[in-house]
Number of protein chains: 2
Amino acid sequence: MARAAARQGMRKSEATRLRILDAAARVFARRGYADTRLSDIAEEAGTFAGSIYYHFESREELVEAVLTLGVTGVFEAVRTRVEALPPGSSHRTRLTAAIETHLAFALTQDPFATANQRLFAQVPADIRQRQIHLHRAYGEYWRKLLEGARRAGEIRRDLDLSVLRLQILGAVNWTVEWYKPGKRSIEQIAAQLATTIFDGIAA
Amino acid sequence: MARAAARQGMRKSEATRLRILDAAARVFARRGYADTRLSDIAEEAGTFAGSIYYHFESREELVEAVLTLGVTGVFEAVRTRVEALPPGSSHRTRLTAAIETHLAFALTQDPFATANQRLFAQVPADIRQRQIHLHRAYGEYWRKLLEGARRAGEIRRDLDLSVLRLQILGAVNWTVEWYKPGKRSIEQIAAQLATTIFDGIAA
DNA sequence: GTCTATAAAGCGATAGAC
DNA sequence: GTCTATCGCTTTATAGAC
C-alpha cells in the first residue's frame with residue numbers, strides 16, 4: 001500500500017491530492033526524472049495534466065513532495081524498527097535491522113522511497129539543495145548508529161566512518177537500479193549485504 | 001587530460017567533434033542529464049548549439065557517444081591495470097587494483113567515466129537499452145575476477161556473486177555522487193573500500 | 001565548417017466553461 | 001473540483017548565409 005493512501009474520511013480534494021502524489025511516486029520511480037511528464041502522472045492518477053494544478057503549484061512542488069515523503073518515510077521506518085529491538089541488542093543486530101528495513105522499503109514497500117532513491121541524484125541542483133537537510137538528518141542517524149557500534153567495540157577503529165556510511169548506503173541504494181522481484185528475496189539480499197559488510201568476503 | 005583529446009594531425013572537423021565530445025562529457029558529468037542543454041555544451045566547447053549538428057545527428061547521438069566512451073574507457077583502464085600486475089599476484093591484489101582503477105577513473109581522471117556513471121541511471125529506457133551490452137561486458141569482466149578469486153579459495157563460497165558484484169560496483173559508483181577533491185585522496189578511499197570488502201568492519 | 005535566424009515540437013502552465 | 005482548450009516558453013533541430 002502506498003504511504004499517502006490513507007484516505008478515510010477526508011475531503012475530496014485531499015483525497016485527490018494524495019492520489020496524484022501516489023501516481024507521481026510510482027511513475028517517477030519507474031521512469032526517472034527526465035522521462036516523466038505531467039501527462040504521464042495524470043494518466044496514472046486517472047485525471048488530466050491541467051487538473052494537477054488545482055492541487056500543486058508546479059511540477060517542482062510535486063517532485064519535492066514525493067522526495068520529502070520518500071526520505072522521511074524510510075527514516076521513520078528504519079528508526080522505528082531499530083528502536084523496537086530488544087534492549088541490549090548488539091550493534092550488529094541494530095545495523096543489520098537498519099539495512100534490512102531500508103532495503104525493503106526502497107525495493108518493494110514504498111514507491112516514494114524508490115522514487116527518492118532514484119531521483120535525488122537526477123534532479124536539478126536547486127531542488128536537491130532544498131532537500132539536502134532531510135538527507136543530512138537521515139545520514140546523521142546512520143552516523144550515530146556507526147559511532148555507537150564503534151564505541152561499543154563492535155567495529156574496527158581504523159575506519160573513516162563517513163566513507164563507511166556512504167559505502168553502505170551506496171551499495172544499498174544502488175539495488176534499486178538492478179533489483180527485479182522474483183529471483184532473490186529482499187531478505188536474502190539484505191542478509192548477504194549485512195554479513196559481507198561485517199565479516200568481509202575473504203575466505 | 002580528456003580521453004578524446006588526442007588531436008595531433010587530424011582533420012579540423014574531427015578535432016572539433018572531439019572538442020564537443022569532451023565538452024559534453026564535462027557538462028553531463030557536472031549537471032546530469034535532465035539539466036544539460038545543447039547550448040550549455042556548445043558554450044563549454046566554444047561554439048554554438050546549431051553548429052553541433054554538423055558533427056552529431058542529434059542530442060541522443062551525442063549522449064550515447066559520451067556513454068560509450070565512458071564505459072569502454074574504464075573497462076580498458078581496469079583490464080590494462082589488472083593484466084599489468086606481476087604474474088601470480090593474489091586475487092585480492094587483482095580485485096584491489098580493479099577497485100582502485102575504476103575509482104580513480106570515475107572520480108578524477110576521465111569526465112567520460114564520471115558522466116557515464118551519473119547518466120546511465122538517468123537516461124530514458126531506450127538509450128539505456130542500446131548501451132546495455134557494453135555494461136554487461138564490463139560486468140562480465142568483474143564476474144570473472146570474482147569467480148577467479150572464489151576458485152582460488154580467496155573468497156567465501158557461500159556468497160551470491162551477482163549480488164556481491166553489484167554491491168561492490170554500487171559502493172564504488174556511488175562515490176561520484178559525494179566525492180569532493182581535497183579532503184580525502186582517492187587512494188585512501190579505495191584502500192578503505194578494499195579492506196572493508198575483504199575483511200569486513202567487525203572488530 | 002561555422003554562424004545566425006528561424007522553424008517545429010514538446011511540455012509546463014493558465015483560463016474559463018461546466 | 002475537474003475538464004478542455006490554448007498560451008507561451010524552452011529547446012531541439014534545420015536552413016541558408018558566409
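As the structure is a prediction and not an experimental result, all values here were calculated from the model.
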(request) Decide side chain to side chain contact (heavy atoms under 4.5 Å, CB included) for A:Arg17 and A:Tyr54; before the verdict, give the C-alpha distance in whole Å, the side-chain angles of both, and the deciding distance to 0.1 Å. (result) CA-CA 9 Å; A:Arg17 185 187 150 91; A:Tyr54 181 81; over 6 Å; no

(request) Taking only Lys NZ, Arg NE, NH1 and NH2, and the carboxylate oxygens of Asp or Glu, determine whether B:Glu76 and B:Arg79 approach each other closer than 4.0 Å. (result) no

(message) Salt bridge check, B:Glu44 against B:Arg30: does any charged N sit closer than 4.0 Å to a carboxylate O?
(response) yes

(request) May I ask you to check if A:Arg94 and A:Tyr141 form a cation-pi contact, with NZ or CZ under 6.0 angstrom from the six-membered ring centre and within 45° of the axis? (result) no

(message) Need one value for B:Ser51: base, sugar-phosphate or nothing, where a base atom within 4.0 Å counts as base even if backbone is also close, heavy atoms only.
(response) base

(request) Mind grabbing the angle between the end helix axes of the helix from C:dG1-D:dC18 to C:dC18-D:dG1? Five pairs an end, 10° rounding. (result) 10°

(message) For B:Ala106 versus B:Gln117, what's the shortest heavy-atom pair and its separation?
(response) CB-NE2, 3.0 Å

(message) Quick one: does any side-chain atom of A:Thr101 pair with a main-chain N or O of A:Ala98 as donor and acceptor, under 3.5 Å?
(response) no

(message) When you compare the side chain of A:Leu21 with that of A:Val66, does any pair of heavy atoms fall below 4.5 Å?
(response) yes

(message) Check whether A:Asp22 reaches the backbone of A:Arg19 with its side chain - one donor and one acceptor, N or O, closer than 3.5 Å.
(response) no

(request) For DNA chain C, note the earliest and the latest nucleotide, 5' to 3', having some atom under 4.0 Å of a heavy atom belonging to chain B. (result) C:dG1 to C:dT4

(message) So does A:Tyr179 get a backbone contact from the side chain of A:Arg184, meaning a donor-acceptor N/O pair under 3.5 Å?
(response) no

Atom pairs under 3.5 Å: protein N/O with N/O of nucleotides 10-13 of chain D:
unit_1, atom_1, unit_2, atom_2, d
D:dT11, OP1, B:Arg37, NE, 2.5
D:dT12, OP1, B:Arg59, NE, 3.4
D:dT12, OP2, B:Leu38, N, 3.3
D:dA13, OP2, B:Tyr53, OH, 2.6
D:dA13, OP2, B:Arg59, N, 2.8
D:dA13, O5', B:Tyr53, OH, 3.1

(request) Keeping the roles fixed (side chain from A:Glu100, backbone from A:Ala194), state whether a donor-acceptor pair exists under 3.5 Å. (result) no

